[in-house]
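Contents: one structure, followed by commentary.
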Amino acid sequence: MPYDRDREHFRIPYPMAARPTFRLVGQSFEVVDVSEGGLKFLVGEADPPPVGEMLSGALTLVRGDTVVVTGRVLRVAEGLVVLQLETYLPFRLILEEQRYLRQEGWWFG
């Protein structure tokens, strides 16, 4: 997947076999991609949160790091929710995650 230079932050797109989880109260969702400033997750059959709603939950990356994140729902479409984070994820975590995915053969970017 080519890097989109118009984006504010570099995104890590995850393969189906290696996806982080985003846990909200009583629910866990697969994360499709992550950047310093946001994440996109699948809601599947669950009712998606409305655009503009603030969510807070635990993001567990593939490497095992867990970070509590809070953000506003920016978009909802086709079973996907885009969450814009209130506080950026540390860039170090993004780089370490990318490095791990490459080591494990899950990253082809």
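Residues take their numbers from the sequence shown, with the count starting at 1.
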### Message
Set out, in order, the CA-CA distance, both residues' side-chain angles and the distance that settles side chain to side chain contact (heavy atoms under 4.5 Å, CB included) for Thr60 and Phe22, then state yes or no.
### Response
CA-CA 6 Å; Thr60 301; Phe22 180 53; over 6 Å; no

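- More than 12 heavy atoms of other residues, nucleotides or ligands shown are found within 6.0 angstrom of CD on Gln103.
- Summarising the geometry, atom CZ belonging to Phe41 is positioned 5.5 Å from atom CG belonging to Leu24; distances are rounded to the nearest 0.5 Å.
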#### Entry: side-chain hydrogen bond (donor to acceptor under 3.5 Å, both in side chains) between Ser28 and Thr21, worked out
CA-CA 6 Å; Ser28 184; Thr21 57; 4.5 Å; no

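- Heavy-atom minimum distance, Leu101 versus Tyr14: CD1-CE2, 3.6 Å.
- The salt bridge (Lys or Arg N to Asp or Glu O under 4.0 Å) check on Arg63 picks up Asp65, Glu96, with sequence neighbours excluded.
- Using a 4.5 Å cut-off between side-chain heavy atoms of Ile, Leu, Val, Met, Phe, Trp and Tyr, with links allowed through other members, Val73 and Val69 fall into the same hydrophobic cluster.
- Although no hydrogens or angles enter the test, the distance criterion places a donor-acceptor pair under 3.5 Å between the side chain of Glu97 and the main chain of Val62.
- The distance from the CD1 atom of Ile94 to the OH atom of Tyr88 is 12.0 Å, given to the nearest 0.5 Å.
- Rounded to the nearest 0.5 Å, atoms NZ (Lys40) and CG (Asp33) are 4.5 Å apart.
- The heavy-atom pair separating Val76 from Pro48 by the smallest distance is CG1-CB, 3.5 Å.
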### Worked check of side chain to side chain contact (heavy atoms under 4.5 Å, CB included) between Leu93 and Val34
CA-CA 11 Å; Leu93 282 180; Val34 168; over 6 Å; no

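- Both Val67 and Phe10 belong to a common hydrophobic cluster when Ile, Leu, Val, Met, Phe, Trp and Tyr are linked at side-chain heavy-atom distances under 4.5 angstrom.
- Atom OG1 in Thr66 sits 5.5 Å away from atom CZ in Arg23 (nearest 0.5 Å).
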### Query
Under the side chain to side chain contact (heavy atoms under 4.5 Å, CB included) criterion, do Ser56 and Val68 qualify, and how do the steps go?
CA-CA 7 Å; Ser56 187; Val68 174; 4.2 Å; yes

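- When the side chains of ILVMFWY residues are joined at heavy-atom separations under 4.5 Å, either directly or via intervening members, Met54 and Leu59 end up in two distinct hydrophobic clusters.
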### Query
Could you go step by step and tell me if Thr70 and Leu85 meet the side chain to side chain contact (heavy atoms under 4.5 Å, CB included) rule?
CA-CA 6 Å; Thr70 300; Leu85 300 180; over 6 Å; no

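- Judged purely by atom type and a 3.5 angstrom limit, Arg72 uses its side chain to pair as donor or acceptor with the backbone of Gly52.
- To the nearest 0.5 angstrom, Glu36 atom CD is 8.0 Å from Leu95 atom CG.
- The distance from atom CD of Glu78 to atom CG of Leu42, rounded to the nearest 0.5 Å, is 11.5 Å.
- By the salt bridge (Lys or Arg N to Asp or Glu O under 4.0 Å) test, Glu30 is found to be paired with Arg19, residues two or more places apart in sequence or in another chain being considered.
- Val43 and Val32 end up in different hydrophobic clusters when Ile, Leu, Val, Met, Phe, Trp and Tyr side chains are linked at under 4.5 Å.
- Residues Val82 and Val51 are members of separate hydrophobic clusters, defined by side-chain heavy-atom contacts under 4.5 angstrom among Ile, Leu, Val, Met, Phe, Trp and Tyr.
- Sorted by first and then second residue, the side-chain hydrogen bond (donor to acceptor under 3.5 Å, both in side chains) pairs with a member in residues 44-55 form an empty list; sequence neighbours excluded.
- In terms of heavy atoms, Ala18 sits closest to Pro20 at O-CD, 4.1 Å.
- Looking only at side-chain heavy atoms (C-beta outward), Tyr100 and Trp106 come within less than 4.5 Å of each other.
- For Ser35 against Leu89, the heavy-atom pair with the smallest separation is O-CD1, 3.5 Å.
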